[in-house]
Amino acid sequence: MTATTPRVAVVTGGARGIGAATARRLAADGHAVAVLDLREEQAAQTAAHIVSDGGRALAVGVDVADAAAVEAAVTRVRDEVGAPTILVNNAGILRDNLLFKMSEDDWDSVISVHLRGAFLMTRAVQAHMVEARWGRVVNLSSTSALGNRGQANYSAAKAGIQGFTKTLAIELGKFGITANAVAPGVVATDMIRETAERVGVSFEDFLAGMAKDVPVGRVGQPEDIAAAVAFFCSEEAGFVSGQVLYVAGGPRA
Ligand code: NAD
């Protein structure tokens, strides 16, 4: 086993769900964690959990699609916690609709948060990684990248994330920086709870229905995804770059 060198990690969308579990996992692995989210109060709760468990954390309210806000947030992380060299681009939204009903705003907002957000965050943080000659970027894709009814916007964004990740790996590798993507299947979070509400099914029934199509017979938990992210962030994953790992209880959920 390689000992963990403590780093400063940034997790976007860390207020809840997969992002919150990832922030807690990276803190448990010995890193200081900046929890970035639109929902500043909930981000502060994630940070408070980490601190009460003996870790170091900072919550920062930010819209990842806003270039000036992203620059300010990363500067604040550098000043208050240290230069970040781990970045998890996890912030995301859904605006599901069949193509013929999909508005321009549904399209633009999903592309903006996932793709523009990951681009802006990575551009801001890579400067610190290059300086350190070490870095880990992990981007959240999805099984929806392979196509999913009602998600033209989201599947385009999540497929785009995969191309973005591979290009980061190629451009940044010479600085000791790896870039990988984790592509979850269905994970029990508020994002899915809201989808269940939208289609008028209870959260429990929705998850049970989804689990039937998953080879391991259950949906994912946020910690399942956090574990995969943590592997890509580890010292020992330094020769793994440009990969997409489907974490879906089977080849795809
Ligand atoms: P979630 O909705 O529970 O959490 C997403 C977080 O992102 C929220 O706290 C939200 O406030 C934040 N966020 C949204 N827009 C933002 C913005 N512009 N700036 C900053 N923060 C913003 O979602 P989740 O289920 O935990 O999903 C996390 C990631 O994993 C997303 O990228 C999602 O697309 C992806 N994913 C989720 C699933 C799933 O089944 N839950 C499956 C595949 C991929």
Side-chain angles (χ1 to χ4, degrees), residues 10-25 34-47 59-70 72-74 87-96 108-121 124 138-148 151 153-162 164-165 181-198 203 206-207 209-211 213-214 218-226 228-229 244-250 252-253:
V10 171
V11 180
T12 71
R16 66 183 199 180
I18 293 167
T22 299
R24 289 198 300 268
R25 171 60 195 259
V35 182
L36 273 56
D37 206 290
L38 267 183
R39 295 175 160 89
E40 196 168 358
E41 269 180 36
Q42 280 180 262
Q45 286 170 18
T46 304
V60 182
V62 64
D63 176 355
V64 295
D66 176 336
V70 162
V74 173
L87 171 64
V88 182
N89 284 308
N90 164 84
I93 57 169
L94 294 178
R95 294 285 182 274
D96 294 357
D108 290 342
S109 52
V110 166
I111 298 295
S112 181
V113 175
H114 294 270
L115 275 181
R116 180 180 160 86
F119 155 62
L120 292 174
M121 284 299 310
V138 183
N139 298 318
L140 268 291
S141 179
S142 166
T143 49
S144 294
L146 302 167
N148 199 24
Q151 292 195 319
N153 49 1
Y154 185 76
S155 61
K158 291 309 199 185
I161 283 284
Q162 297 190 8
F164 176 64
T165 303
V182 172
V186 177
V187 181
T189 68
D190 288 328
M191 180 179 266
I192 300 302
R193 183 186 298 277
E194 286 160 12
T195 298
E197 272 168 22
R198 197 173 51 79
F203 188 38
F206 191 83
L207 293 179
M210 288 292 181
D213 296 329
V214 181
R218 67 172 178 90
V219 299
Q221 294 300 321
E223 291 73 21
D224 292 317
I225 310 308
V229 174
V244 179
L245 179 61
Y246 284 87
V247 183
R252 71 173 293 194

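In listed order, ligands and their atoms are each counted from 1.
- Looking at Val186, Ile18, Leu140, it is Ile18 that brings a heavy atom closest to atom 37 (C) of ligand 1.
- Atoms of ligand 1 lying under 4.0 Å from any heavy atom of Ala15, numbered from 1 in the order shown and given with element: 9 (O).
- Listed by number with element, the atoms of ligand 1 under 4.0 Å from a non-hydrogen atom of His114 are 32 (O), 34 (O).
- At distances below 3.5 Å, at least one donor-acceptor pair connects side-chain atoms of Thr12 with backbone N or O atoms of Asn90.
- Contact annotation: for Glu194 versus ligand 1, there are no heavy atoms closer than 4.0 Å.
- The Gly13 neighbourhood of ligand 1 comprises atoms 6 (C), 7 (O), 12 (C), with distances under 4.0 Å to a heavy atom of that residue.
- Taken from OG1 in Thr143 to CD in Gln151, the straight-line distance is 8.5 Å, to the nearest 0.5 Å.
- Distances below 4.0 Å separate heavy atoms of Ile192 from the following atoms of ligand 1: 39 (C), 40 (O), 41 (N).
- Scanning Asp190, Thr195, Asn90 for the heavy atom closest to atom 32 (O) of ligand 1 points to Asn90.
- Checked for salt-bridge contact, Asp224 and Arg218 meet the test: a charged N lies under 4.0 Å from a carboxylate O.
- Of the protein's non-hydrogen atoms, the one nearest atom 14 (C) of ligand 1 is Gly92 O, 3.4 Å.
- Not one N or O of Thr143 is nearer than 3.5 Å to an N or O of ligand 1, by distance alone.
- The single protein non-hydrogen atom nearest to atom 33 (C) of ligand 1 is Tyr154 OH, 3.4 Å, given as residue, atom name and distance.
- Scanning the protein for heavy atoms near atom 10 (C) of ligand 1, the closest one is Arg39 NH1, 3.2 Å.
- Among the atoms of Ser142, none of the N or O lies under 3.5 angstrom from an N or O of ligand 1.
- Rounded to the nearest 0.5 Å, atoms CD (Gln45) and CZ (Arg16) are 12.0 Å apart.
- Side-chain contact between Ile18 and Thr189 is present, with heavy atoms from C-beta onward closer than 4.5 Å.
- Residue contacts with ligand 1 for Lys158 involve side-chain atoms from C-beta outward but no N, CA, C or O (heavy atoms, distance under 4.0 Å).
- The distance from atom OH of Tyr154 to atom CG of Asn148, rounded to the nearest 0.5 Å, is 9.0 Å.
- When side chains are defined from C-beta on, Leu94 does not count as touching Glu194, because their heavy atoms never get closer than 4.5 Å.
- One distance of note links CG of Asn89 with NE2 of His114; it measures 11.5 Å at 0.5 Å rounding.
- In this structure, Gln42 has no heavy atom closer than 4.0 Å to ligand 1.
- For Ser112 (side chain) and Ala65 (main-chain N/O), no donor-acceptor pair under 3.5 Å exists by modelled atom type.
- The nearest non-hydrogen atom to atom 11 (O) of ligand 1, considering only Thr189, Val35, Asp37, comes from Asp37.
- Between the side chain of Asn139 and the backbone N or O of Ala181 there is no donor-acceptor pair closer than 3.5 Å.
- By the 3.5 Å distance cut-off applied to N or O atoms, Leu38 is counted among the residues near ligand 1.
- A heavy-atom separation below 4.0 Å is found between Gly185 and ligand 1.
- Residue-ligand proximity: Asp63 is placed with a non-hydrogen atom under 4.0 Å from ligand 1.
- In summary, the atoms of ligand 1 found under 4.0 Å from a heavy atom of Pro184, numbered by their order in the structure, are 42 (C), 43 (C), 44 (C).
- Heavy atoms of Ser141 found under 4.0 angstrom from ligand 1 belong exclusively to the backbone.
- In summary, the atoms of ligand 1 found under 4.0 Å from a heavy atom of Ile93, numbered by their order in the structure, are 14 (C), 15 (N).
- How far CG of Leu115 is from CZ of Phe164: 8.5 Å, rounded to the nearest 0.5 Å.
- Residue Val62 touches ligand 1 through its backbone alone, judged by heavy-atom distances below 4.0 Å.
- Nearest protein heavy-atom contact of atom 1 (P) of ligand 1 is Arg16 NE, 3.4 Å.
- With respect to atom 40 (O) of ligand 1, the closest heavy atom belonging to the protein is Val187 N, 2.8 Å.
- In the vicinity of Gly17, heavy-atom distances shorter than 4.0 Å reach the ligand 1 atoms 26 (O).
- The closest approach between a heavy atom of Gly14 and any atom of ligand 1 is not below 4.0 Å.
- Under the 4.5 Å side-chain criterion, counting only non-hydrogen atoms from C-beta, Val244 is not in contact with Thr165.
- Within the 4.5 Å cutoff, no side-chain heavy atoms of Val11 are placed close to those of Val35.
- At least one N/O-N/O distance between Val64 and ligand 1 falls below 3.5 Å.
- Here Leu146 contributes atom CG and Gln162 contributes atom CD; the two are 7.0 Å apart, rounded to the nearest 0.5 Å.
- Contact of the Asp37 side chain with the Gln42 side chain is not registered, since no non-hydrogen atoms from C-beta on lie closer than 4.5 Å.
- Shortest contact from atom 22 (C) of ligand 1 to any protein heavy atom: Ala91 CB, 3.7 Å.
- Within the 3.5 Å criterion, the main-chain N or O of Ala15 finds a donor-acceptor partner in the side chain of Thr46.
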